[in-house]
Participant: 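Sharing a structure here in structure tokens format.
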Amino acid sequence: MITDITAAKDAALAHIDAATTVDEIVALTTRYAGKKGELAGLKKQLGGLDTIEEKKAAGAAVNDAMNAIDAALDERRSALKSAALVTQVEGERLDLTEFFAPPTRGHAHLVTQAWERLEDVFVGLGFTVAEGPEIETDWHNFEALNMPIGHPARGEWDTLFVDHVPPGGEPGTTVLRTHTSPVQIRTMLAEEPPIYIVAPGRVFRRDTPDATHMPVFHQIEGLVIDRNITMADLAGTIDAFTKAYFGPGFNSRLRPSYFPFTEPSAEFDIQRPDGSWIELGGSGMVHPNVLRACNLDPDEWSGFAFGFGIDRMAKERHGVGDLRDMYADDKRFVEQF
Ligand code: FA5
């Protein structure tokens with residue numbers, strides 16, 4: 001009898017140990033610990049034993065076995081329950097880390113970065129920032145800049161006209177400004193000299209897009225009007241700007257050129273540390289006719305002006321091969337900067 005009890009206990013403990021789910025434990029509980037279970041069956045047989053001693057010993061063995069089985073069932077049940085809980089929690093877990101990851105931050109467009117830096121450099125050199133409208137009159141964009149109607153130089157600015165006739169004006173005299181130079185005119189008409197301004201802004205030309213041309217691009221204009229201003233002041237300012245913006249290893253030079261609104265006129269180039277030159281823009285001494293158009297006496301006031309392309313400066317600064325890439329909105333391009 002004792003042997004049967006021990007065998008039943010060992011079998012029960014082995015099964016309990018091997019159980020992998022709580023459901024199995026429920027089934028094993030019925031099989032071994034229930035009223036109709038195997039141990040209960042053995043207990044019923046105790047009455048058939050011959051001696052009191054045998055009954056006592058077998059009774060004690062059955063009780064021990066039942067206690068051991070109950071304890072093993074409890075232990076295994078709670079172990080499996082906590083394992084099931086862990087699995088459930090894992091399965092239902094939400095990955096909240098994505099909410100804590102820093103958001104991907106964009107950045108200003110390359111032209112905006114260049115624009116802001118140019119303003120900073122010129123403000124550092126003592127200039128203030130001026131603005132003018134993108135839709136301009138023919139008078140501000142051309143005529144006051146010493147390009148009367150029919151002037152051949154007008155053809156160099158492939159002009160976009162706006163279908164708008166101002167009160168008292170003529171059809172075909174409203175344009176999208178082709179350069180930032182009309183801000184010179186607006187500033188001289190609005191302010192008394194001395195004038196030291198820069199005017200960054202968007203300009204428009206009927207240019208076909210290519211690696212160095214866009215129909216919509218950006219310029220920064222500079223204008224200084226004071227007494228006894230000479231070409232040396234222009235050259236010195238451009239050089240100070242070149243070194244402040246590009247770095248001390250860069251030089252600048254002026255090359256004779258022609259613009260109707262400056263006399264003499266010069267293109268200005270900068271030299272990279274490797275010795276190569278790049279053209280940045282136009283400049284010159286403000287033409288007396290321009291001063292007169294703005295009611296300034298050329299015998300009393302003189303000045304210089306310059307204007308260069310911001311897009312091309314950004315292109316140079318970042319080694320971009322093609323201006324069109326800066327406007328294509330391709331994230332793979334944008335994310336490089
Ligand atoms: C002018 O527009 C003159 N107003 C500059 C000036 C101002 C001269 C004051 C004298 C005194 P120009 O057309 O060369 O000049 O244009 C100046 C610069 O704008 C060029 O050197 C170039 O850097 C840039 N640029 C011209 N056309 C385009 C274009 N289609 N796309 C991008 N950049 C351009």
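In listed order, ligands and their atoms are each counted from 1.
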Participant: Less than 3.5 Å apart, which donor and acceptor atoms pair up between the side chains of residues 35-50 and the rest of the protein, not counting sequence neighbours?
Facilitator:
{"unit_1": "Glu38", "atom_1": "OE2", "unit_2": "Arg31", "atom_2": "NE", "d": "3.4"}

Participant: Using a strict cut-off of under 4.0 Å between a residue heavy atom and any atom of ligand 1, list the qualifying protein residues by chain and number.
Facilitator: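 For ligand 1, the contacting residues are Trp157, His179, Ser181, Gln184, Arg205, Asp207, Thr212, His213, Met214, Phe217, Gln219, Glu221, Phe259, Phe261, Thr262, Glu279, Leu280, Gly281, Gly282, Ser283, Ala305, Phe306, Gly307, Gly309, Arg312, Leu323.
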Participant: Looking at Trp301, does the NZ or CZ of Arg227 lie under 6.0 angstrom from its six-membered ring centre and within 45 degrees of the ring axis?
Facilitator: yes
Participant: Would the Phe337 and His318 ring centres measure less than 6.0 Å apart?
Facilitator: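 For Phe337 and His318, the ring centres are under 6.0 Å apart.
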Participant: Between Arg76 and Glu24, does any side-chain N to carboxylate O distance fall below 4.0 Å?
Facilitator: no
Participant: Applying side-chain hydrogen bond (donor to acceptor under 3.5 Å, both in side chains), can you list everything that pairs with Asn67, at least two apart in sequence or on another chain?
Facilitator: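 In terms of side-chain hydrogen bond (donor to acceptor under 3.5 Å, both in side chains), with neighbours along the sequence ignored, Asn67 is linked to no residue.
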Participant: Holding to salt bridge (Lys or Arg N to Asp or Glu O under 4.0 Å), I want the full list of residues that pass it with Arg206, two or more places apart in sequence or in another chain.
Facilitator: none
